[in-house]
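Counting from 1, the numbers follow the sequence of the chain as shown. All heavy atoms count here, side chains included; hydrogens, waters and symmetry mates do not.
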Amino acid sequence: MKVIPEPALTEEAAAAAKADAAATAQGLHHISPRLYNQDLAPTKREGRKWTSYSIFTLWANDVHSLGNYAFAIGLFAIGLGGWQILLALGLGAVLLFLLLNLSGYMGHKTGVPFPVMSRISFGIHGAQIAAVLRGGVAIVWFGIQTYLASVVLRVLLIALAPGLADLDTNNVLGLSTLGWASFIALWIIQVIIVSYGMEMIRKYEAFAGPIILFTFAALAVWMFMEAGGSIALTTDNSLTGGPMWLAILGGGALWISIYGTFVLNFCDFTRSAVTKKAVTRGNFWGIPVNMLLFGAIVVVLAGAQFRINGTIIESPSDIIQTIPNTLFLVLAGLALIILTIAVNLMANFVAPVYMLANLFPKHLNFRKAGIISAVIGLVILPWNLYNNPVVIVYFLGGLGAVLGPLFGVVMADYWLLRRGRINVPDLYTERTDGTYFYKRGYNPRAIAALVPSGLIAILIAFLPAFSAVAPFSWFVGSGLAAIFYFAIADRTKKYDDVSGEAIAVASVH
């Protein structure tokens, strides 16, 4: 009789089987391969590599993104002066520092990524709702940001080799031949970086951070000198009184909203933080201190340009295009590309990777999920989406508005209800008596709190009748969700604090 050998376990299934054996040996619930693999597993305390400098360089890159500069310069355009812009950014930075610490501490303690963290409040299967909301938005923005970086690369290539301009005149699915070449080149670079996991992302962020800070500081000094050592601190339509204070508070609130996505999945990075203090120190230097430096650069760039010719720039890229020296133009352009890739990796690539790994843990690891995310970001032809206001404002904006309520539910459940007491191994079991099984793997109370608060946040963000409070939609949504959830949460359960070390893996990411 011929014996048919059993098929070999995949790497992901083998990891789950090993974790299940370790959990069983310690009397814990069985680990399900539908919920666990090497990338979703908690990280061991020993061997973590993300220091305060690693976290600081995340912000050194992300804070100085072109989108943030465009937003802050917009405050100058609507009539806020130098000190008012610094105050608006400072208020936002202080609150953001507190929120990111709350989110970061969760990752450091549990060692789990955001999709797994969401199982605490939404259930082992309901967490897919949170992960898809966060990751779906990020995939689209990954493609868009890669496209924006490719536009800068096209300008640089033509500056170095003017003959390439002939390749920039045709149109194939919305891009020229040179446009396709630039986009694919940057797309491949990012796929290669992500294929080596979070450790390579950490190294890239550490490499890019100092370059970005030096480039923008140097650009501010150059503009200050071009303006004759004097800048305009206000425009001709300066705001005063009540409208000024409303614009300051609104600017600070919108600054928080910009980071509404990142405060959700900050645990994807801090799960590998060496200590809790490293999270705090990295956030302190990267958020309030770095954001004030950012604000000072904004004031100098916008004020110097206004002093020179009475115009208001939209972005630092407008200034870079005017640099008369080709070498300096190319170097500054390369810095912008390095920056955009750094921001894209941390803000728009990591979240969908973990989302896909959470959807298909038996089949996808970090590398495979990264490639699939990148392919989706390519086939959606993101340049066409970027040029469609309906997609940007209503689709992506609507999904973004829901992220505030999502944050409110997660934070209220973790900090107010459970007081940080988490049974980490139970995040990976499908047993009906598991802590996070709820009802068929979903927590109906969390969903009941998310839906109405999400709808309210969307209405406030988009209906003209609420335009005065629209900048505060993230706060309203997250606050209502936290209140709703805390009001209807089940307080009859006992919350145990169980470490995940028994099923943890080495912090290779």
Side-chain angles (χ1 to χ4, degrees), residues 61-62 64-71 73-74 134-194 258 261 313-318 320-321 329-330 332-353 355-356 370-400:
N61 292 310
D62 194 68
H64 293 268
S65 71
L66 293 181
N68 285 352
Y69 272 104
F71 163 74
I73 291 171
R134 173 64 183 99
V137 173
I139 284 182
V140 179
W141 278 115
F142 160 76
I144 290 174
Q145 291 289 347
T146 302
Y147 161 66
L148 294 177
S150 73
V151 173
V152 177
L153 180 57
R154 282 160 57 190
V155 173
L156 292 187
L157 291 174
I158 293 174
L160 291 173
L164 292 176
D166 294 337
L167 299 177
D168 203 30
T169 57
N170 61 332
N171 187 309
V172 180
L173 296 177
L175 279 187
S176 65
T177 300
L178 184 62
W180 272 103
S182 300
F183 182 90
I184 293 298
L186 296 179
W187 183 87
I188 290 174
I189 290 172
Q190 292 174 95
V191 170
I192 291 174
I193 293 173
V194 168
I258 289 173
T261 56
I313 59 172
E314 294 182 1
S315 165
S317 58
D318 296 340
I320 289 175
Q321 293 176 13
L329 170 65
V330 170
L334 286 175
L336 290 186
I337 293 173
I338 291 172
L339 166 65
T340 304
I341 290 176
V343 173
N344 221 14
L345 289 173
M346 61 182 287
N348 301 319
F349 216 151
V350 172
V353 168
M355 173 194 74
L356 290 172
I371 293 173
I372 292 174
S373 298
V375 170
I376 296 173
L378 169 63
V379 299
I380 61 175
L381 303 180
W383 45 89
N384 292 330
L385 299 180
Y386 179 72
N387 293 320
N388 187 334
V390 173
V391 173
I392 296 297
V393 175
Y394 293 104
F395 175 66
L396 292 178
L399 288 178

Could you tell me which non-hydrogen atom of [X] sits nearest to which non-hydrogen atom of [Y], and how far apart they are?
X: Pro162; Y: Ala159; value: CD-O, 4.3 Å
X: Trp180; Y: Leu381; value: CH2-CD2, 4.1 Å
X: Val140; Y: Ile380; value: CA-CD1, 4.0 Å
X: Gly135; Y: Pro352; value: O-CB, 3.8 Å
X: Phe349; Y: Ala374; value: CZ-CB, 3.8 Å
X: Ala347; Y: Asp62; value: CB-OD1, 4.2 Å

Item checked: Candidates Val353, Val350, Val194, Leu378 - the one meeting side-chain contact (heavy atoms from CB on, under 4.5 Å) with Ser373 ->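 Going through the options one by one, the only one that passes is Val353.
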Check: If you look only at pairs with a residue in residues 172-186, which of them pass as a salt bridge (Lys or Arg N to Asp or Glu O under 4.0 Å), with sequence neighbours excluded?
Finding: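 As it turns out, there is no salt bridge (Lys or Arg N to Asp or Glu O under 4.0 Å) pair with a partner in residues 172-186 once direct neighbours are skipped.
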Check: Which residue pairs pass the salt bridge (Lys or Arg N to Asp or Glu O under 4.0 Å) test with at least one member in residues 176-192, sequence neighbours excluded?
Finding: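 Output for this query is empty, none listed.
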Looking at side-chain heavy atoms only, is the closest gap between [X] and [Y] below 4.5 Å?
X: Leu178; Y: Ser182; result: yes
X: Trp187; Y: Phe142; result: yes
X: Met355; Y: Ile139; result: yes

Checklist line | Contacts of type side chain to side chain donor-acceptor pair (under 3.5 Å), residue Asn170, not counting sequence neighbours | finding: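 Scan of Asn170 (side chain to side chain donor-acceptor pair (under 3.5 Å), adjacent residues dropped) gives Thr177.
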Check: How would you list all residue pairs meeting side-chain hydrogen bond (donor to acceptor under 3.5 Å, both in side chains) that involve residues 339-352, not counting sequence neighbours?
Finding: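 Of all non-adjacent pairs touching residues 339-352, those that pass side-chain hydrogen bond (donor to acceptor under 3.5 Å, both in side chains) are Thr146-Asn344, Gln190-Asn344, Asn344-Asn348.
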Nearest-0.5 Å distance that lies between atom [atom1] in [X] and atom [atom2] in [Y]:
X: Ile189; Y: Ile337; atom1: CD1; atom2: CD1; value: 8.5 Å
X: Phe71; Y: Ile73; atom1: CZ; atom2: CD1; value: 11.5 Å
X: Ile376; Y: Ile371; atom1: CD1; atom2: CD1; value: 12.5 Å
X: Phe183; Y: Leu148; atom1: CZ; atom2: CG; value: 10.0 Å

Would you give me the side-chain donor-acceptor pairs under 3.5 Å for residues 149-158, sequence neighbours excluded?
from: Ser150; atom 1: OG; to: Tyr147; atom 2: O; distance (Å): 2.5
from: Arg154; atom 1: NE; to: Asp168; atom 2: OD1; distance (Å): 3.3
from: Arg154; atom 1: NH2; to: Asp168; atom 2: OD1; distance (Å): 3.1
from: Arg154; atom 1: NH2; to: Asp168; atom 2: OD2; distance (Å): 3.4

Next item on the list: Go through the structure and list residues passing ring-ring contact (aromatic ring centres under 6.0 Å, His included) with Tyr69, not counting sequence neighbours.
Entry: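 Listed in chain order: His64, Phe216, Phe294.
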